[in-house]
Amino acid sequence: MRLPEHEREAHRQAFRAMSLPQKLEYIFAYYKLPLVLVFIAAVALGSVLNYQLTHKEPVLYVAYCNVGLPEEQDQELFDGFLASMGANPKTQESYRYYNLYLSEAEESVDHQYSYASRLKTLAAVDAEELDVVFMNQGAYDLLSASGYLMDLSSTLAASGTLQAQANDLLTTNVVVLEDNRLEVELNEADTYEAVTQEVPNALDVTEALGGTDVLTGTVYLGIIGNTPRLDTALSFVSYLLG
């Protein structure tokens with residue numbers, strides 16, 4: 001209900017006569033709900049604007065499994081790759097998963113961390129948010145056996161120039177096509193049996209990453225089989241080897 005003009009003028013006069021603390025208390029008491037709604041709207045708008053200003057679109061997802069590079073070399077490698085693609089570093093990035101540790105040994109002191117790393121890797125693969133993997137021998141064995149890695153022989157053959165760069169670096173590993181692991185774990189079988197196949201599914205990129213001057217062992221590069229960014233992954237391989 002709209003107040004008469006003389007009553008509204010009386011309210012205005014009373015408000016002018018208040019001290020600053022009284023005015024603030026009056027505003028909060030009578031306009032609390034609108035102020036809260038305005039505050040929530042401002043926070044939401046700020047979050048959206050911050051996301052829009054700071055979010056970067058990944059052009060490639062990379063994981064370090066049981067290996068790592070010095071921070072400066074890692075940054076230089078992927079900054080250079082983005083520049084070679086003509087990507088905008090303010091809005092695009094190569095997203096990296098660092099410090100993933102993969103191991104099958106349950107007695108390992110790092111078993112819980114290894115289990116968490118495997119779950120994180122599996123989730124990234126299922127979400128199609130993992131393209132390229134750097135691995136040591138142990139991680140390579142696990143990812144290969146699980147069938148995560150792409151057969152690179154036909155992929156490289158179709159890529160022309162890259163085949164000449166990478167063919168001598170191809171390495172093979174075991175892929176488990178079929179096994180009775182579940183039956184063994186359920187005590188329904190005494191002996192583990194598997195049907196396997198040797199597949200060329202990684203590259204030895206130790207020298208490309210600096211060799212023994214930088215690394216403590218052999219480092220392999222694999223491409224995840226379900227990557228939706230195969231062309232970009234191959235471009236990265238070509239950049240790394242070149």
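Everything quoted here is computed from the prediction, not taken from an experiment. The chain is numbered in sequence order, starting from 1.
- Judged by distance alone, the side chain of Gln92 and the main-chain N or O of Asn88 form a donor-acceptor pair under 3.5 Å.
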Chi angles and distances behind the side chain to side chain donor-acceptor pair (under 3.5 Å) call for Gln165, Ser238 = CA-CA 8 Å; Gln165 290 179 286; Ser238 181; 3.2 Å; yes

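- The hydrophobic cluster containing Leu142 does not contain Leu203, counting ILVMFWY residues as joined when their side-chain heavy atoms lie under 4.5 angstrom apart, directly or transitively.
- For the pair Leu100/Lys120, a side-chain contact is recorded, criterion being any heavy-atom separation below 4.5 Å from C-beta on.
- Of the inter-residue distances, the one linking Leu102 atom CG with Tyr140 atom OH reads 14.5 Å to the nearest 0.5 angstrom.
- A distance of 8.0 Å separates CG of Leu77 from OG of Ser94, quoted to the nearest 0.5 Å.
- A pairwise comparison of heavy atoms in Val133 and Cys65 identifies CG1-SG, 3.6 Å as the closest pair.
- Considering OG1 of Thr227 and CG of Leu130, their distance stands at 8.0 Å, rounded to 0.5 Å.
- Taking both residues in full, the closest heavy atoms of Pro228 and Asp131 are given as CD-OD1, 4.0 Å, listed atom of the first, atom of the second, then distance.
- Shortest non-hydrogen contact noted between Tyr220 and Val205 is C-CG2, 4.1 Å.
- Looking only at distances, a side-chain donor or acceptor of Ser84 sits under 3.5 Å from a matching main-chain atom of Phe81.
- The backbone N or O of Asp126 sits nowhere less than 3.5 Å from a side-chain atom of Asn226 that would complete a donor-acceptor pair.
- Atom CD in Glu198 sits 4.5 Å away from atom OG1 in Thr172 (nearest 0.5 Å).
- Going from atom CG of Leu60 over to atom CG of Asp231 covers 11.5 Å, rounded to the nearest 0.5 Å.
- Between the side chain of Ser117 and the backbone N or O of Tyr101 there is at least one donor-acceptor pair closer than 3.5 Å.
- Under the 4.5 Å side-chain heavy-atom criterion for grouping Ile, Leu, Val, Met, Phe, Trp and Tyr, Tyr98 is connected to Val132 within one hydrophobic cluster.
- Within the 3.5 Å criterion, the main-chain N or O of Ser103 finds a donor-acceptor partner in the side chain of Ser114.
- Between Tyr64 and Phe78, the ring planes are perpendicular. Angles over 60° get that label, and only those under 30° would be called parallel.
- Listed here is the closest heavy atom pair of Ser144 and Asn173: OG-CB, 3.3 Å.
- The hydrophobic cluster containing Leu215 also contains Leu169, counting ILVMFWY residues as joined when their side-chain heavy atoms lie under 4.5 angstrom apart, directly or transitively.
- Annotation for Arg229 and Glu129: closest pair NH2-CA, 3.7 Å, computed over non-hydrogen atoms.
- Scanning all heavy atoms of the two residues, the minimum distance from Leu149 to Ile224 falls at CD2-CD1, 4.2 Å.
- Side-chain atoms of Arg96 and Leu69, non-hydrogen and from C-beta on, never get closer than 4.5 Å to each other.
- Linking ILVMFWY residues whenever their side-chain heavy atoms come closer than 4.5 Å, directly or via other members, places Met85 and Leu241 in the same cluster.
- Hydrophobic cluster membership is shared by Val62 and Leu209, with clusters built from Ile, Leu, Val, Met, Phe, Trp and Tyr side chains linked at under 4.5 angstrom.
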Take Asp204 and Thr171 through the side chain to side chain donor-acceptor pair (under 3.5 Å) test and state the conclusion after the steps.
-> CA-CA 7 Å; Asp204 182 343; Thr171 61; over 6 Å; no

